[in-house]
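Before any comments, here is the structure.
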Amino acid sequence: MAGRGFEIVTAYEGCGIHLPVRKTAKSAGYDLEAAETTVLAPHAVTVVPTGLKAFMEGDEYLSIFIRSSLAFKKGLMLANSTGIVDSDYYNNADNEGHIMIAIYNDHPDEHKVLTVEKGKAFAQGIFLP
């Protein structure tokens with residue numbers, strides 16, 4: 001498979017998952033949406049499914065970042081700082097390459113439960129060599 005892009009994993013076909021797009025011609029990243037409404041407990045790591053897998057050239061990887069607006073306004077961050085999806089993760093035998101993103105809720109109100117709604121863009125993916 002030449003090039004790079006995204007596909008919907010089998011378990012989420014027909015579930016209204018949107019393939020990521022760049023919002024503008026010069027956007028560095030592709031907006032990644034939540035495949036399910038997910039509750040983020042305070043000061044805990046929660047995995048948010050995207051319903052997606054990524055394909056790319058063998059010498060590339062997909063770097064995942066939290067959307068800056070969610071970091072600034074809500075105190076959300078990736079549990080591992082930056083997510084990395086290797087090119088050989090695509091269609092792996094364990095989970096078909098499903099991109100699952102671990103989010104840490106560090107909202108200033110230590111009791112604040114946050115929710116990422118299905119279809120809400122919460123992360124960005126950038127393909128890099």
Side-chain angles (χ1 to χ4, degrees):
M1 173 173 302
R4 62 173 75 122
F6 299 91
E7 296 175 355
I8 299 169
V9 296
T10 304
Y12 284 88
E13 287 177 352
C15 294
I17 304 300
H18 301 116
L19 292 176
V21 295
R22 291 178 170 164
K23 290 294 181 188
T24 68
K26 295 188 180 185
S27 293
Y30 293 82
D31 288 339
L32 304 175
E33 300 176 357
E36 301 172 8
T37 296
T38 307
V39 175
L40 308 174
H43 299 284
V45 175
T46 306
V47 176
V48 181
T50 65
L52 300 168
K53 56 185 171 178
F55 61 90
M56 63 206 88
E57 298 295 330
D59 61 349
E60 295 180 313
Y61 68 96
L62 179 67
S63 192
I64 307 289
F65 303 93
I66 193 77
R67 287 182 51 108
S68 58
S69 61
L70 293 177
F72 295 132
K73 295 177 184 174
K74 304 287 186 182
L76 297 180
M77 60 182 74
L78 293 187
N80 56 343
S81 202
T82 301
I84 300 295
V85 179
D86 297 313
S87 62
D88 61 356
Y89 189 62
Y90 176 77
N91 275 343
N92 74 66
D94 293 333
N95 69 357
E96 197 182 338
H98 187 186
I99 299 169
M100 307 279 282
I101 301 175
I103 303 291
Y104 182 74
N105 176 359
D106 193 33
H107 193 278
D109 175 349
E110 64 185 45
H111 303 292
K112 182 74 170 174
V113 174
L114 297 171
T115 303
V116 177
E117 299 291 335
K118 180 184 187 296
K120 167 95 173 151
F122 71 101
Q124 296 181 49
I126 300 173
F127 290 99
L128 295 167

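Numbers for residues simply follow the sequence, beginning at 1.
Applying the side chain to side chain contact (heavy atoms under 4.5 Å, CB included) rule to V45 yields the partners A79, A102, Y104; only residues at least two apart in sequence or on another chain are considered. Not a single side-chain hydrogen bond (donor to acceptor under 3.5 Å, both in side chains) links H107 to another residue, sequence neighbours left out. Listed by chain and number, the residues in a side chain to side chain contact (heavy atoms under 4.5 Å, CB included) with T10 are E13, E96 (sequence neighbours excluded). A search for side chain to side chain contact (heavy atoms under 4.5 Å, CB included) contacts involving T46 returns T38, L40, not counting sequence neighbours. Legend: residues meeting side-chain hydrogen bond (donor to acceptor under 3.5 Å, both in side chains) with Q124, ordered by chain and number and at least two apart, are absent. Judged as a side-chain hydrogen bond (donor to acceptor under 3.5 Å, both in side chains), and not counting sequence neighbours, the contacts of D31 are R67. In this view, F127 and R4, F6, Y30, A54, M56, L62 satisfy the side chain to side chain contact (heavy atoms under 4.5 Å, CB included) rule, not counting sequence neighbours.
Residue pairs meeting the side chain to side chain donor-acceptor pair (under 3.5 Å) criterion with at least one partner in residues 69-88, sequence neighbours excluded, do not occur; the list is empty. Residue pairs meeting the salt bridge (Lys or Arg N to Asp or Glu O under 4.0 Å) criterion with at least one partner in residues 107-129, sequence neighbours excluded, are absent. Sorted by first and then second residue, the salt bridge (Lys or Arg N to Asp or Glu O under 4.0 Å) pairs involving residues 34-49 (not counting sequence neighbours) form an empty list. Listed by first and then second residue, the side chain to side chain donor-acceptor pair (under 3.5 Å) pairs involving residues 20-29 are T24-S27 (not counting sequence neighbours).
Between L76 and D106 the shortest side-chain heavy-atom distance does not fall below 4.5 Å. Using a 4.5 Å cut-off on side-chain heavy atoms (C-beta onward), L32 and P20 make contact.
With hydrogens and angles left out, the side-chain atoms of Y89 and D94 include no donor and acceptor closer than 3.5 Å.
Under the 4.5 Å side-chain heavy-atom criterion for grouping Ile, Leu, Val, Met, Phe, Trp and Tyr, M77 is not connected to I103 through any hydrophobic cluster.
Nearest heavy atom pair, residue H98 against residue Y12, reads CE1-CE1, 3.4 Å.
I126 forms part of a hydrophobic cluster together with Y61, F65, I84, L128, judged by ILVMFWY side-chain heavy-atom separations under 4.5 Å.
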